[in-house]
Amino acid sequence: QVQLVQSGGGLVQPGGSLRLSCATSGFRLRYYVIGWFRQAPGKEREGVACIGDSEISTHYADSVKGRFTISRDSDKSTVYLQMNDLNPGDTGVYYCAAHLGVVVQPSPLLAQQYTYWGQGTPVTVSS
């Protein structure tokens, strides 16, 4: 049974940092791409970052480049999203998701590519 269980998130002030975790089970992480998505109130879900089978196989949305870092710990079957220099525009519910295969170019952050989804975790950036 495939499961993606998220943790982390919460309330943080502008300029602060948070780390989200996505613990996976039921499949071999090395064969899957893991992505992070977010959905702000009243807006469509957007892709934030994804990672393939290695740290060099990563992709970021322009809005988070240089501020967010996606990484994976294969021993723990967990993928992380380190978020730094947060601003109110980063507020939303964050989801991790997985699909079998490799990072799909040229558009690796399309939600319809992903098969399995975590439960979502809210992130609020506010003073």
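In this chain, numbering begins with 1 at the start of the sequence shown.
- Using the six-membered ring where Trp is involved, Trp117 and Tyr95 have ring planes that are perpendicular, over 60° apart on the 30 and 60° scheme.
- Using a 4.5 Å heavy-atom cutoff, the side chains of Asn87 and Arg67 are in contact.
- Ring pair Phe68/Tyr94 is tilted by interplanar angle, where 30° to 60° counts as tilted.
- If you chain together hydrophobic residues whose side chains sit under 4.5 Å apart, Tyr114 and Val93 fall into the same group.
- Residue Trp36 is tested with Leu20, Ile51, Val64, Leu109 for a side-chain contact (heavy atoms from CB on, under 4.5 Å); the sole match is Leu20.
- Shown here for Ser107 and Gln113, the closest heavy-atom pair between the two residues is O-NE2, 2.7 Å.
- For the pair Leu18 and Leu86, the minimum side-chain heavy-atom distance is below 4.5 Å.
- At a threshold of 4.5 Å between non-hydrogen side-chain atoms, the residues Thr24 and Tyr116 do not count as touching.
- In this structure, Ser7 OG and Gln119 CD are separated by 8.0 Å, a value rounded to the nearest 0.5 Å.
- Here the closest non-hydrogen pair linking Val125 and Thr91 is N-OG1, 2.9 Å.
- The 12-atom threshold is not exceeded at CD of Glu44, counting heavy atoms of other residues, nucleotides or ligands nearer than 6.0 Å.
- Between the Thr78 side chain and the Lys76 main chain, a donor and an acceptor come within less than 3.5 Å of each other.
- Counting heavy atoms from C-beta outward, Gln105 and Val103 have side chains that approach closer than 4.5 Å.
- Using bins of under 30°, 30° to 60° and over 60° for the plane-to-plane angle, the ring pair Phe27/Tyr32 lands in the tilted bin.
- In this structure, Gln6 contributes its side chain and Gly120 its backbone to a donor-acceptor pair below 3.5 Å.
- In this structure, the side chains of Ser63 and Arg38 come closer than 4.5 Å at one or more pairs of heavy atoms.
- One finds the OG atom of Ser77 at 12.5 Å from the CD atom of Gln3 (value rounded to the nearest 0.5 Å).
- Residues Leu4 and Leu100 share a hydrophobic cluster, clusters being chains of Ile/Leu/Val/Met/Phe/Trp/Tyr side chains in contact below 4.5 Å.
- Nearest heavy atom pair, residue Val123 against residue Met83, reads CG2-CE, 4.0 Å.
- A donor-acceptor pair under 3.5 Å is formed between the side chain of Thr121 and the backbone N or O of Gly8.
- Checking each of Val33, Val104, Val79 against Cys50 for a side-chain contact (heavy atoms from CB on, under 4.5 Å) leaves exactly one that passes, namely Val33.
- Under the 3.5 Å distance criterion, with hydrogens and angles disregarded, a donor-acceptor pair is assigned to the side chains of Asn84 and Ser17.
- Across Ile34 and Ala98, no two heavy atoms sit closer than the pair CD1-CB, 3.5 Å.
- For Arg30, the CZ atom counts as loosely surrounded, since its 6.0 Å shell holds 12 or fewer non-hydrogen atoms of other residues, nucleotides or ligands.
- Looking only at side-chain heavy atoms (C-beta outward), Tyr80 and Ile70 stay at 4.5 Å or farther from each other.
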